[in-house]
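Single-structure report; data block below.
Any value given below was found using the heavy atoms of this structure, including those in side chains, with hydrogens, waters and symmetry copies removed. In what follows, every chain begins at residue 1, and chains take the letters A, B, ... in the order their sequences are listed.
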Amino acid sequence: QNILIGCFSVGYSAVALNHVIDFKEKKQEIIKPVSPSELFPSLPIVQGTSKRIKVLTRLTLIVSDPSHCNLLRSTSANIRLYDIIAVFPKTEKLFHIACTTLDVDLVCINVTEKLPFYFRRPPVNMAIDRGIYFELLYSPAIKDSTMRRYTISNAISLMQICKGKNIVISSAAERPLELRGPYDVANLGLLFGLSEGEAKAAVSSNCRAAMLHGETRKSACGVVYTVKKLRKVEEEETAVPACKKAKTQA
Amino acid sequence: MVRFKNRYVLCEVVSEDPRCRQCIEDRALGLAVRDAIARVHGDYGLACCSISFTVKYLNAYTGTVLLRCRKDSCRLLCSALPFVRHLESRAQRYPCFLNTLHVGGTIRTCQKFLIQYNRTQLLRLLQTCTNEEERQCIQKSLLSCSLTEEQPQSGDEEEDDGTE
């Protein structure tokens with residue numbers, strides 16, 4: 001993993017993007033209480049454009065059963081330590097639940113085998129409204145040819161439903177050589193059926209938005225609501241929104 | 001005016017093995033890229049891309065590669081570049097990957113970008129070298145490079161690459 005970090009910093013700093021590149025550490029645990037992950041004792045690495053690389057922690061839950069979702073709510077003490085939470089639904093029901101009610105930032109889309117369910121528009125639209133991003137992995141595609149086919153077919157079917165919005169492309173690299181630079185990943189997005197602008201966004205701004213979504217989720221729910229109210233509050237508002245604001249700020 | 005428009009793709013070969021960089025050859029690289037295109041886009045893609053496909057420039061010290069292709073097949077080429085996994089040369093396989101830096105319409109724009117990029121790389125490398133003597137060494141060699149250059153265009157690039 002330390003090798004991964006070294007090469008992440010070499011790979012991404014070589015491209016010298018101006019915003020902070022995030023490193024997402026994936027820890028997959030099934031039906032086990034989530035242990036607080038320790039950020040490995042790495043020094044903050046200075047990037048090419050004199051900004052430091054952020055290292056975030058991320059948790060992915062592979063759910064094949066609705067009872068697994070209770071993990072999200074119950075062991076909240078451990079989950080708070082993760083910056084980003086992603087869920088990997090295996091059935092259609094779970095996909096629906098994940099898009100509509102679960103408190104996650106990313107929904108992983110399976111790329112290694114043919115999807116057992118088709119995407120439907122209502123849950124996908126609800127997820128887009130809630131600010132949940134769909135995630136595609138690209139390192140199986142680099143490794144194996146049959147995986148590549150599944151990746152592309154799943155990705156294109158997702159695109160057709162969601163029209164390319166709210167997509168994040170990430171790598172599940174296990175070795176430093178499975179990594180690709182941001183420009184290359186954006187070009188991969190073209191293969192998945194995204195347009196050029198969408199593909200670049202999938203690498204840069206969507207990732208950043210998912211990060212922020214995770215941050216707002218980590219802090220109290222009230223903060224989110226406060227921001228919403230602030231936009232609407234004007235001078236001649238009635239007393240009702242004012243006391244709502246007071247309640248949430250408390 | 002009828003003119004064939006080309007796109008020049010600037011890439012960097014990144015590898016863990018330090019020997020890999022010294023053994024980069026233009027033929028081996030061209031074969032690896034063509035193979036990746038064939039795997040991803042099939043026969044049609046390979047045929048489209050190899051109309052005017054060459055490796056224009058190769059720098060073994062920094063691992064910089066400049067590829068040329070037709071403007072229409074630039075997308076095919078760029079989307080297939082992430083799938084290059086290893087280079088084969090002299091019966092040895094080196095796992096590596098290509099990092100796309102810049103796509104330009106002419107060699108001159110790519111060269112400009114490369115000069116800027118090498119400058120930032122140099123700064124970054126200077127930061128990582130901790131020894132004061134190393135720093136002095138590098139600075140000296142830099143200065144000596146720029147003093148002896150006679151042709152600004154071709155010497156510009158070499159001055160930055162020579163200190164790698």
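Within the 4.5 angstrom heavy-atom criterion, only backbone atoms of B:Leu98 (N, CA, C, O) approach chain A. If you measure heavy-atom distances from B:Val84 to chain A, the contacts under 4.5 Å come from the backbone alone. Neither the backbone nor the side chain of B:Cys11 comes within less than 4.5 Å of any heavy atom of chain A.
Contact detail for A:Tyr183 and B:Val103: the closest heavy-atom pair is OH-CG2, 3.7 Å. Listed here is the closest heavy atom pair of A:Asp144 and B:Arg85: N-NH1, 4.4 Å.
Per-residue heavy-atom pair counts under 4.5 Å with chain B were compared for A:Ile152, A:Asp184, A:Leu190, A:Asn187, and the maximum is reached by A:Asp184. When B:His102, B:Arg75, B:Arg39, B:His86 are compared by the number of non-hydrogen pairs under 4.5 Å with chain A, B:Arg75 comes out ahead.
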